[in-house]
Amino acid sequence: MKVLFVCSGGMSSAIVVSALKKEAEKQGMEMEVLAIGTGELENEVDNGWDAIMVAPQVRHRLDSVKKIADEASIPCGPIPPQAYTPLGGPLLLQKLKELLNM
């Protein structure tokens, strides 16, 4: 599974991406996650992503990100603030599965 993670960058994003990947591994899923800024989305959206998730700190950009995702037919949704922690992997993976109807 390939997940595009739209965020503002920084260590918190790296920690959350790591938590998601670790949780996916625990559940036997292969996952590639790329964290990018909102300005990079249009260049990256056509590279075979299964889902796009939007971090809480850029939630104000959710509508513009969702529009790009919809045009590319990629499911897109927000990351709940309570999942945006080093221990948020299980909730984040659950939200991703819900987004993908798994």
Side-chain angles (χ1 to χ4, degrees):
M1 178 181 312
K2 291 178 64 173
V3 180
L4 200 53
F5 185 81
V6 180
C7 59
S8 64
M11 283 305 296
S12 61
S13 299
I15 290 168
V16 174
V17 165
S18 176
L20 174 59
K21 290 173 83 171
K22 284 179 185 173
E23 186 62 28
E25 285 175 13
K26 283 182 191 175
Q27 295 192 24
M29 299 172 67
E30 279 191 38
M31 185 171 297
E32 177 183 341
V33 182
L34 177 64
I36 63 168
T38 55
E40 301 167 282
L41 180 60
E42 288 191 44
N43 294 332
E44 193 61 49
V45 74
D46 292 325
N47 290 336
W49 300 100
D50 297 305
I52 298 173
M53 298 192 81
V54 180
Q57 72 267 37
V58 292
R59 187 165 294 182
H60 62 283
R61 301 287 312 257
L62 179 61
D63 289 342
S64 62
V65 170
K66 189 153 178 45
K67 181 179 178 189
I68 293 168
D70 288 348
E71 289 172 3
S73 298
I74 301 172
C76 176
I79 296 171
Q82 62 271 29
Y84 204 75
T85 71
L87 300 176
L91 179 57
L92 192 52
L93 186 58
Q94 175 190 340
K95 293 298 178 184
L96 178 60
K97 287 179 175 181
E98 288 172 10
L99 185 65
L100 294 171
N101 296 316
M102 293 176 73

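As the structure is a prediction and not an experimental result, all values here were calculated from the model.
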Tell me the closest heavy-atom pair linking Gly77 and Leu62, and the distance in Å.
C-CD1, 4.4 Å

Would you say Asp50's side chain and Lys2's backbone share a donor-acceptor pair under 3.5 angstrom?
yes

Roughly how far, to the nearest 0.5 Å, is CD of Glu30 from CE of Met1?
11.0 Å

Would a distance-only check, ignoring hydrogens and angles, find a side-chain to backbone donor-acceptor pair under 3.5 Å from Arg61 to Cys7?
no

Can you measure from CD (Gln57) to CD1 (Ile79) and round to the nearest 0.5 angstrom?
8.0 Å

Begin with the C-alpha distance, continue with both residues' side-chain angles, and end with the deciding distance and a verdict on side chain to side chain contact (heavy atoms under 4.5 Å, CB included) for Leu20 and Phe5.
CA-CA 11 Å; Leu20 174 59; Phe5 185 81; 5.5 Å; no

Min side-chain heavy-atom separation Ile52-Leu41 under 4.5 Å:
yes

So does Glu98 pair up with Lys95, basic N to acidic O under 4.0 Å?
yes

Same hydrophobic cluster for Ile36 and Met31, using side-chain heavy-atom links shorter than 4.5 Å among ILVMFWY?
no

Provide the closest heavy-atom pair for Val6 versus Gly37 in the form atom of the first, atom of the second, distance.
CG1-C, 4.3 Å

Other residues, nucleotides and ligands only: do more than 12 of their heavy atoms fall within 6.0 Å of CD on Glu71?
yes

Could you give the distance from CG (Asn47) to CG (Leu34), rounded to the nearest 0.5 Å?
9.0 Å

Locate the shortest heavy-atom distance separating Met53 from Pro78; write the atom from each residue and the value.
CE-O, 4.2 Å

Can you name the nearest heavy-atom pair linking Ala83 to Leu92, along with the distance?
CB-N, 4.0 Å

Can you measure from CG (Leu91) to CG (Leu96) and round to the nearest 0.5 angstrom?
11.0 Å

Roughly how far, to the nearest 0.5 Å, is CG of Leu93 from CE of Met102?
8.0 Å

Between Asp63 and Lys67, does at least one N-O distance fall below 4.0 Å, as a salt bridge requires?
no

Between Gln94 and Pro90, is any pair of side-chain heavy atoms under 4.5 Å apart?
no

Quick one: CD on Glu42 to CG on Asp46, what's the gap to the nearest 0.5 Å?
9.5 Å

Treating Trp49 as the side-chain partner and Ala69 as the backbone partner, does any N or O pair qualify as donor plus acceptor under 3.5 Å?
no

